[in-house]
Amino acid sequence: MRYDAGLANKIEAKWQRFWKENNTFVTPDPDSNPDDPRVKKEPYVVMDMFPYPSGAGLHVGHPLGYIATDVTARFMRMTGKNVLHALGYDAFGLPAEQHAIKTGQHPRINTENNMANMRHQLSMLGLAHDPSRTFATIEPEYMRWTQWIFSKIYDSYFDKDLNKARPISELIKKHPEWDSFSDKELSDKLNEYRLAYISESPVNWCPGLGTVLANEEVTAEGRSERGNFPVFKKKMKQWSMRITAYADRLDSDLAMLDWTEKVKAMQHNWIGKSHGAYIEFSVTDSQSTTISEKLKVFTTRPDTLRGATFAVIAPEHPLVQLATEDVANYVEQAKAKSAVDRQQDAGKKTGVFSGLFAINPINNKQLPIYIADYVLMGYGTGAIMAVPADDKRDHEFAETFEIEIAENYEKFVSIPEAIKWIEEKGCGEGTTTYRLRDWLFSRQRYWGEPFPIVYDEEGIPYLLPDNMLPVLLPDVPNYEPRTFDSDDENSEPEPPLGRNDDWVYVELDLQDGKGLRKFRRETNTMPNWAGSCWYYLRYLNAKWSGDTVVDPKLDKYWLSPNHNSTVGKSGGVDLYVGGVEHAVLHLLYARFWHKVLFDLGYVSSPEPFHKLFNQGYIQAYAYTDSRGVYVPAAEVEAVSSSSSAQAVPSQSSSPADLESNTSTSAAKTTTRYFYKGEEVFQEYGKMGKSLLNVVTPDEIAEKYGADTFRIYEMSMGPLDLSRPWETRAVVGAQRYLQRLWRLVVDEETDELIVLDQECDFDTYKVLNKTIEAVRVEMENIRPNTAISKLIVLANRLTGVLKNVGWVPREAAEAIVLMTAPLAPHIAEELWQRLGHTDTITYADFPKVNEKYLKDDTVKVGVQINGKVRSELEMSVSATKEEWEKAALGLDRIQEMLDGKAVKKVIVVPGRIVNIVA
RNA sequence: CCCUCGGUGGCGAAAUGGUAGACGCAGUGGACUUAAAAUCCACCGCCCUAAAAAGCGUGCCGGUUCGAGUCCGGCCCGAGGGACCA
């Protein structure tokens with residue numbers, strides 16, 4: 001039989017059934033399966049970024065990362081690792097909620113349908129996930145732990161001396177003076193310290209979505225990342241997480257991670273650490289009378305203090321209250337500006353003089369204090385000293401308002417010297433500030449985790465005890481947060497959970513000795529990120545229900561910092577693969593939560609993800625007709641023509657075009673595209689339903705087989721680059737597998753054509769060099785080059801088969817084994833036909849036989865002045881002198897030298913001979 | 001403006017400073033076949049050629065080196081991120 005789609009599909013179904021029935025991918029744990037030989041091996045945790053089960057289904061781009069992790073996981077299993085690889089679902093989220101709003105159906109139903117659909121689509125690909133370790137964030141048992149982690153964060157504070165989180169009870173012990181506080185006073189005081197706290201401060205309010213958003217969810221244009229609605233700054237009472245306490249560790253610990261520079265730079269920029277100084281200025285009114293308030297500014301350039309000619313405060317700055325000029329108008333306007341307006345006005349300088357002056361401590365000059373919106377309340381102190389001679393923005397402002405620009409002033413020679421002076425003078429101190437803001441953690445949404453928080457009649461928040469978790473979502477009459485006209489910034493949020501009074505108003509015994517009392521539940525829900533902040537821990541023990549979030553023994557075995565320190569001792573997941581879009585959202589939040597859990601002793605590694613790999617995206621061509629309407633990409637025909645034959649006349653030839661046309665002459669080919677006889681035009685970008693260019697894994701698997709699909713995706717190019725999908729190129733992958741099949745099975749007779757005999761020596765050389773190379777490529781996550789080397793080997797063996805009529809077993813087994821991580825179904829089938837009874841999943845990856853790696857001779861290029869003119873093959877043991885003599889003796893070289901004197905000969909044995917003449 | 005990553009045939013791409021274009025797609029020619037498909041073999045950067053040889057070639061300009069796609073400096077272009085952050 002020929003290995004075609006029909007046979008491939010049969011084989012794939014057979015082995016998927018086998019794997020399921022035999023629990024092939026169920027990974028043993030060291031304590032529950034101490035006798036399993038696998039647990040003696042080195043642990044290796046490989047993980048995909050948590051998928052959100054979308055209703056749209058998967059296109060061929062989605063599984064790229066899942067196949068890559070599967071290939072790596074399978075390779076690691078064959079090279080002596082105990083591999084943990086599973087997939088769960090991040091199932092809370094906006095799309096399911098929006099579907100629920102539209103249909104009135106509970107979002108759980110839609111979510112579960114989508115998960116089932118995604119599981120089905122993925123199951124055809126033969127991904128070796130441990131089925132016993134899957135879960136979804138919406139399961140009560142999972143929610144319980146998400147809420148439990150929230151509780152621990154809520155119940156902790158950041159000890160600045162220890163530079164880590166500690167239980168809030170330790171803080172209370174340090175402050176006996178708080179004993180006299182009332183409940184309300186103590187609650188308010190602790191709120192200032194808790195890592196999860198209630199804040200009343202300007203937040204990103206998005207009327208169009210009816211919810212508040214985190215800074216990370218707002219685009220540079222001041223719009224919501226989801227839905228692209230305007231976002232307004234509005235003062236509201238909301239939950240926040242004190243991620244800023246960790247700013248320094250989140251920044252410096254990047255050093256121990258094996259992540260790309262790109263993502264490290266993105267996090268580094270987002271955290272935005274900058275060194276500088278606070279400087280305090282005395283403030284006077286227009287009569288030069290000193291008032292009691294001081295002006296504290298932040299600057300990164302304290303050395304330019306003498307050049308300051310004015311000061312600027314943000315419109316929200318408290319000193320604005322004391323302005324002696326009429327500034328109300330300006331302040332109103334500035335505050336009313338949305339982020340969108342601010343973005344658009346960036347560069348234009350507006351402001352108003354406050355009537356106040358700041359006294360420059362270095363020269364006692366009176367600096368006028370302006371109020372201007374180019375200074376942001378959220379950064380530093382919300383106030384600056386303006387040095388127009390050195391700072392572009394200050395300069396623009398000074399020009400607009402005709403303020404003095406001190407061009408040649410004396411600077412400190414260094415910043416440290418300036419800080420020293422300031423500190424000695426007692427008018428300020430060196431400091432470090434961060435751009436990172438605290439993480440706004442509550443949302444006015446239905447489809448998220450409820451908070452484990454209730455309020456008493458005084459409004460004091462209480463944590464529910466662990467044994468009252470999880471708090472499940474109530475039924476509500478409708479799921480919609482009240483949304484508003486997207487520009488209506490005066491609207492107020494209305495969480496959907498507030499619509500079920502029976503749920504909101506409860507009588508509970510919080511086990512605090514106060515008995516049954518009346519409470520009101522928190523009606524906000526957690527943001528989508530909550531569930532994905534800790535899911536990687538759940539894979540270690542998907543059914544765990546102990547006292548803490550993860551079984552400490554399993555955490556130590558799988559994630560301890562000792563087994564994967566390629567860069568620093570971070571511990572955590574060995575390999576984490578996903579798109580770069582989560583660089584500052586999920587990856588920052590998860591690191592934060594992990595560090596809190598680490599500080600409190602619940603996990604043993606300081607970081608959650610040791611090596612991060614960002615796969616590229618599979619792009620696609622789309623085609624539009626002359627009206628700009630998309631046409632089905634699959635039905636577009638490409639017609640190539642060489643421009644010499646009858647060129648498409650170029651209407652607007654620039655001189656450059658003309659030149660290139662003439663110089664490159666006739667043979668440039670142009671490709672034009674036609675749909676139903678009409679010319680259409682190519683675009684390159686995403687795959688999407690509306691672009692009519694979606695290709696699904698299902699259709700490729702049906703037409704070529706899942707193994708072919710896997711090989712094709714892995715062979716397209718380096719995994720971290722984006723590249724276009726090309727269905728017609730998939731046959732290349734199929735041809736390799738067909739060739740592999742024919743190396744083991746006779747298509748006519750279905751008999752094995754493998755013999756326990758040896759073929760020629762050179763073939764063994766190719767075989768062993770391939771083994772060596774494929775190991776290296778796979779270890780470095782370069783399946784594309786691994787595949788190309790396997791193809792070379794397959795072609796070599798095809799030649800052997802042609803010559804002698806059989807294939808040596810050693811070679812056949814090796815190539816089947818090496819193909820197994822990439823195309824596991826066909827590998828299992830061939831492995832079985834080769835006489836093996838057990839799964840290939842845990843078979844040993846082929847090892848190199850050193851004796852075949854040594855060459856007797858080696859061929860090198862012979863250059864004259866760096867240009868290759870000939871080549872030469874010599875014994876590997878040849879000396880430099882012998883290489884030189886032989887190279888100079890070549891007829892071709894003598895001819896090219898044409899009697900010129902040889903100045904020097906560079907010989908790198910086995911590499912190159914270069915004659916300098 | 002700042003940060004990161006890219007730029008190599010018709011296309012996707014290979015290449016520890018050492019014979020640029022492995023491997024795949026498309027294309028061309030051949031074998032097999034009544035024929036087609038499939039398969040197998042060969043060719044396949046540009047230019048000049050009957051064919052070679054020579055010449056030119058990794059975005060551009062310089063530099064380092066016996067030797068540069070690779071290292072250094074300066075530009076151009078593209079993608080992503082950040083940006084009135086003091």
Side-chain angles (χ1 to χ4, degrees), chain A residues 2 4 220 260-270 272 274 276 297-301 304 312 342-343 345-349 372-376 378-387 390-394 396-397 433-435 580-581 583-584 638 640 642 663-665 667-671 711-712 715-718 720-726 728-733 735-736 738-739 742 747 782 784-785 787-792 795 798-799 802 859-872 892 895-896 903-908 910-917:
Chain A
R2 157 143 308 160
D4 56 13
T260 58
E261 278 312 305
K262 180 194 174 86
V263 176
K264 283 190 183 186
M266 281 166 72
Q267 290 217 351
H268 184 76
N269 291 340
W270 189 261
S274 62
V297 305
F298 171 73
T299 178
T300 56
R301 296 292 308 276
T304 65
V312 186
R342 283 208 172 206
Q343 179 68 22
D345 290 354
K348 283 182 226 157
K349 293 290 175 289
D373 66 359
Y374 83 93
V375 170
L376 310 173
Y379 185 79
T381 61
I384 62 161
M385 62 174 204
V387 185
D390 271 341
D391 186 281
K392 193 172 159 247
R393 296 152 303 187
D394 297 345
E396 284 168 8
F397 191 86
T433 62
Y434 299 89
R435 201 184 76 98
V580 73
E581 69 272 15
V584 287
S640 295
S642 87
S663 65
T664 56
S665 100
K668 277 283 173 211
T669 55
T670 50
T671 307
I711 293 268
Y712 173 66
S715 69
M716 287 169 84
D720 50 355
L721 291 187
S722 295
R723 59 204 156 273
W725 175 266
E726 203 181 356
R728 69 172 182 177
V730 175
V731 289
R735 285 183 191 142
Y736 166 67
Q738 286 177 331
R739 207 170 278 197
R742 281 194 294 267
E747 282 184 345
R782 288 193 296 253
N784 54 323
T785 44
I787 290 167
S788 80
K789 276 153 189 149
L790 288 172
I791 292 173
V792 174
N795 292 347
T798 298
K802 245 195 129 197
K859 204 194 268 183
V860 308
V862 180
Q863 301 177 328
I864 296 176
N865 295 333
K867 289 193 174 175
V868 179
R869 298 302 183 184
S870 183
E871 56 181 29
L872 185 58
R892 168 104 186 105
E895 187 187 315
M896 291 299 295
K903 287 185 196 142
K904 194 171 162 189
V905 179
I906 311 280
V907 179
V908 183
R911 289 235 176 262
I912 202 81
V913 177
N914 188 12
I915 297 160
V916 186

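Numbers restart at 1 for each chain; the letters A, B, ... are given by sequence-line order, proteins then strands.
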With 3.5 Å as the limit, what N/O pairs link the protein to nucleotides 61-66 of chain B?
unit_1, atom_1, unit_2, atom_2, d
B:C66, O2', A:N914, ND2, 3.0
B:C66, O2, A:N914, ND2, 2.7

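Atom P of nucleotide B:A14 and atom CD1 of A:I791 are separated by 14 Å, given to the nearest angstrom. Remark: C1' of B:C40 and CD of A:E747 are 12 Å apart, rounded to the nearest angstrom. With rounding to whole Å, A:N269 atom CG is found 12 Å from B:G80 atom C1'. Atom NZ of A:K348 is separated from atom C1' of B:C84 by 13 Å (rounded to the nearest Å).
The aromatic rings of A:W725 and A:Y712 lie perpendicular to each other, with more than 60° between the two planes, well past the 30° mark.
You'll find that the side chain of A:E726 is closest to B:C25, out of B:A13, B:C25, B:A86. When each of B:C3, B:A26, B:A86 is scored by its nearest atom to the side-chain atoms of A:V731, the top-ranked nucleotide is B:A26. Side-chain proximity of A:R728 to B:A86, B:A26, B:G81: nearest is B:A26. For A:A729, taking side-chain heavy atoms from C-beta onward, the closest of the listed nucleotides B:U19, B:C25, B:U4 is B:C25.
Judged by Watson-Crick or G-U wobble contacts below 3.5 Å, the nucleotide B:C1 has B:G82 as its partner. Base-pair partner of B:U39: B:A31 (Watson-Crick or G-U wobble, both distances under 3.5 Å). Base-pair partner of B:G6: B:C77 (Watson-Crick or G-U wobble, both distances under 3.5 Å).
Base orientation of B:G81: anti (glycosidic angle beyond 90° from 0).
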